[in-house]
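Owing to the predicted nature of the structure, the values given are computational and were not obtained by experimental measurement.
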Amino acid sequence: MNLLQTFLVKTQFSTYEDFEKNFELKLPDNFNFAFDVVDLYAQKSPFQRALVWCNDAGESKEFTFKELSDLSKLAADFLMQKGIGTGDVVMLSLHRRYEYWIFILALHRLGAVAFPVSSQLTSSDIAQRSTLGKVRLFINQDFLKEEWEPYLQSHPDFQKSAPDHPRPNVSVNDPMLLYYTSGTEGEPKPVIHNWLYPLAHIITAKYWQKTYEGGLHYSVAETGWAKASWGKIYGQWICGAAVFVYDRQGFNPQSILQKISDYGVNTFCAPPVIYRYLVEQDFSKYNLKNLKHCCSAGEALDSSLAQKFYEKSGLKIFEGYGQTETALLCANFDFDENSSAPSKACLHSLGKPSPLYKISLVDSKGKKCGPKQNGEIVIDLSKNHPVGLFTNCNLPADSKLYHTGDLAYYDSEGYFYFIGRKDDIIKSAGFRISPHEVEAVINRHPAVLESAVYRKADPKRGQIVIACVVLKDGFTADKKLEQDLSDFIRQNTALYKCPRKIEFVKELAKTYNGKIFRGKKSQERNVE
């Protein structure tokens, strides 16, 4: 069973042009994901698989929609006893624990605001966000052990113990979900999504990630960042797919491949940094026959990595693009499923715009850009506030454009290509340099696993390019390799883009959601 026809006017499209022109959501006047999706499955397809969970200790659990429906009703009753009601903000710091799905559904039932955060946050981070977000309750693993688990044990038959709750009295435009951005520069900012936000991820799950009824989808993401909403609950369940969760404590590429093999994962989504480690493994050791479709988002995917993954696995990586503030904005939508070779779009491009958003590029003066002209990605809000765009989007009084802060260009066929963040651009001796562009060259060197390029103040040039490099196993950081790498960069890009200094590091500083951190001093701290 799936619910696509419940929320879409049309579900099948023959070409991108058909998709762009004819995609239309059926937007209900009142929508609550817990009641209108999970409970509907529980009633009509109670034994349908919803969640498959495992961890490094060898534990595993599988939940049907009926079980999640009942458990979340019980959790809602538990939260009510804690004084939580409509509009209250509850912070969830649950890493990849399966209880996350129980509690976020419980919060939806109560009309409360779910506030997922990374388990990597410090106590000061938690305190700051708690104050700013007016948090009423903090749920972490200690809370589960000390309060939720004893309560659950006192209700052993949760299917009979779970009380029915009336639908909360909320408007579709009220807050449902709160995130903080993890920008690569500056302080994190609050992002609020409303009750229609889950419906925006139908495009994410159905037409980009290619999830399907009865399939098993694995998005590599901790529950504390927005990628979990993109790939671990909303769109996937509407499509009728189950969500796979690997509750790992550390990163091990062999373990990820083993889990994909053991559990028969069908569709997979991960940031480029994960693929960078996966392609270094021996794929012949794993049974990947059930894996049919792969996606990437979070950072720009360089073409050499996509090509190497294709050569090893026979699978294309379909890149997508969006922000914590939005749903999927651009993607490589695969409507030509009979093609066996990776297209140019799949090897270098962000793809084409989602039909939910009217996207264009503007230059520094606000003038619309044409093909091959670099500009900032903007969303036109002159006609409506599109589904999936955060509600606390404050525009200047004289503008109807939401500025993403991301730079790109598009070609004559309408494919978008990422350049970098506006605040990441390096201005050296009159030249504007994209860190991503330089990293893509460095990462092609056979000794390099990953790299980060950032700027440093310089009295003569204004700013200079610095590169931090992580080497693959078997390579030693020495002067000879440094010179070889410098020569390689000079041979493959313009001289003004070449790093003035190369530092070899064991790991790169990253944000909580895996993006390379190019903030001030971040990579220098890693070197030291």
_Over 12 non-hydrogen atoms of neighbours within 6.0 angstrom of NZ in K44_ =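 Atom NZ in K44 is not crowded, with 12 or fewer foreign heavy atoms closer than 6.0 Å.
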*NZ of K10: more than 12 outside heavy atoms within 6.0 angstrom?*
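Yes.
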*Checking side chain to side chain donor-acceptor pair (under 3.5 Å) for the pair Y246/D56: CA distance, chi angles, key distance, verdict?*
CA-CA 8 Å; Y246 173 25; D56 287 327; 2.4 Å; yes
Got [X] and [Y] here, is their nearest side-chain heavy-atom distance under 4.5 Å?
{"X": "Y100", "Y": "V245", "result": "no"}
{"X": "L471", "Y": "F504", "result": "yes"}
{"X": "D302", "Y": "V441", "result": "no"}
{"X": "L144", "Y": "F103", "result": "yes"}
{"X": "S118", "Y": "W225", "result": "no"}
{"X": "L110", "Y": "V90", "result": "no"}
{"X": "L356", "Y": "L25", "result": "yes"}
{"X": "D406", "Y": "Q323", "result": "yes"}

Measure the acute angle between the ring planes of [X] and [Y], then classify it against the limits of 30° and 60° as parallel, tilted or perpendicular.
{"X": "F33", "Y": "W237", "value": "parallel"}
{"X": "F335", "Y": "F333", "value": "tilted"}
{"X": "Y41", "Y": "F65", "value": "parallel"}

*With the threshold set at 4.0 Å, does a side-chain nitrogen-carboxylate oxygen contact exist between E280 and K308?*
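Yes, charged N to carboxylate O under 4.0 Å.
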*Could D77 and K73 be called an ion pair, given the rule that one side-chain N must be under 4.0 Å from one carboxylate O?*
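No, this pair does not count.
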Examine distances only and state if a side-chain atom of [X] and a backbone atom of [Y] form a donor-acceptor pair shorter than 3.5 Å.
{"X": "H436", "Y": "R421", "answer": "no"}
{"X": "W195", "Y": "P175", "answer": "yes"}
{"X": "T211", "Y": "A205", "answer": "yes"}
{"X": "H155", "Y": "Y151", "answer": "yes"}
{"X": "S261", "Y": "N287", "answer": "yes"}
{"X": "D39", "Y": "S69", "answer": "no"}
{"X": "W148", "Y": "F78", "answer": "no"}
{"X": "Q48", "Y": "G240", "answer": "yes"}
{"X": "D247", "Y": "H95", "answer": "no"}
{"X": "Y16", "Y": "P353", "answer": "yes"}

Work out which heavy atom in [X] is nearest to a heavy atom in [Y]; give both atom names and the distance.
{"X": "R444", "Y": "S304", "value": "CG-OG, 3.4 Å"}
{"X": "H165", "Y": "F35", "value": "O-CE2, 3.3 Å"}
{"X": "R96", "Y": "E222", "value": "NH2-N, 3.8 Å"}
{"X": "Y286", "Y": "Q258", "value": "CE2-OE1, 3.4 Å"}
{"X": "K227", "Y": "Q209", "value": "NZ-NE2, 4.4 Å"}
{"X": "Y357", "Y": "A327", "value": "OH-N, 3.4 Å"}

Atom pair [atom1] ([X]) and [atom2] ([Y]), whose distance is rounded to the nearest 0.5 Å:
{"X": "M91", "Y": "I126", "atom1": "CE", "atom2": "CD1", "value": "5.0 Å"}
{"X": "C54", "Y": "D262", "atom1": "SG", "atom2": "CG", "value": "8.5 Å"}
{"X": "E319", "Y": "W208", "atom1": "CD", "atom2": "CH2", "value": "8.5 Å"}
{"X": "I104", "Y": "T223", "atom1": "CD1", "atom2": "OG1", "value": "8.5 Å"}
{"X": "I203", "Y": "F23", "atom1": "CD1", "atom2": "CZ", "value": "3.5 Å"}
{"X": "I256", "Y": "Q281", "atom1": "CD1", "atom2": "CD", "value": "9.5 Å"}

_Sequence-distant partners of A34, side chain to side chain contact (heavy atoms under 4.5 Å, CB included), two or more places apart_ =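 Checked A34 against side chain to side chain contact (heavy atoms under 4.5 Å, CB included); matches are N32, L105, H108, R109.
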_Pairing residues for T11 by the side chain to side chain contact (heavy atoms under 4.5 Å, CB included) criterion, not counting sequence neighbours_ =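 Partners of T11 by the side chain to side chain contact (heavy atoms under 4.5 Å, CB included) criterion, ordered by chain and then number, come out as L4, Q5, L8, Y207.
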*asked:* Centroid separation under 6.0 Å, is that true for the rings of F63 and W53?
replied: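 Here the rings of F63 and W53 have centres that are no less than 6.0 Å from each other.
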_Pair Y197 + F390: ring centers closer than 6.0 Å_ =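 Aromatic pair excluded; centres sit 6.0 Å or further apart.
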*In sequence, state the C-alpha distance, the side-chain angles, and the governing distance for Y415 and N332, and then conclude on side chain to side chain contact (heavy atoms under 4.5 Å, CB included).*
CA-CA 9 Å; Y415 287 101; N332 287 280; 4.2 Å; yes
*Residue from R97, E146, E99 passing side-chain hydrogen bond (donor to acceptor under 3.5 Å, both in side chains) with Q141*: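 Of R97, E146, E99, side-chain hydrogen bond (donor to acceptor under 3.5 Å, both in side chains) with Q141 is met by R97 alone.
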*List the steps and the verdict of side chain to side chain contact (heavy atoms under 4.5 Å, CB included) for F416 and K352.*
CA-CA 6 Å; F416 280 67; K352 294 185 177 182; 5.8 Å; no
*asked:* Using the rule given for side chain to side chain contact (heavy atoms under 4.5 Å, CB included), can you reason through H293 versus C295, listing the C-alpha separation, both sets of side-chain angles and the distance that settles it, and then say yes or no?
replied: CA-CA 7 Å; H293 192 80; C295 298; 3.6 Å; yes
_Going by side chain to side chain contact (heavy atoms under 4.5 Å, CB included), R129 matches just one of V135, V89, L121. Which one?_
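Answer after filtering V135, V89, L121: L121.
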_Among S313, C294, P253, the one residue meeting side chain to side chain contact (heavy atoms under 4.5 Å, CB included) with L278_ =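 Only match with L278 under side chain to side chain contact (heavy atoms under 4.5 Å, CB included): P253.
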*Verdict with supporting geometry, E439 and N443, side chain to side chain donor-acceptor pair (under 3.5 Å)*: CA-CA 6 Å; E439 290 163 4; N443 291 343; 5.7 Å; no
*Derivation of the side chain to side chain donor-acceptor pair (under 3.5 Å) call for Q153 and E149*: CA-CA 6 Å; Q153 289 169 7; E149 290 176 6; 5.1 Å; no
Under 3.5 Å, which donor-acceptor pairs do the side chains of residues 212-221 form with other protein atoms, sequence neighbours left out?
from	atom 1	to	atom 2	distance (Å)
Y212	OH	N266	OD1	3.4
Y212	OH	N266	ND2	3.4
E213	OE1	N2	ND2	2.9
E213	OE2	M1	N	2.4
H217	ND1	T267	O	3.3
H217	ND1	T267	OG1	2.8
H217	NE2	S219	OG	2.8
S219	OG	G231	O	3.4

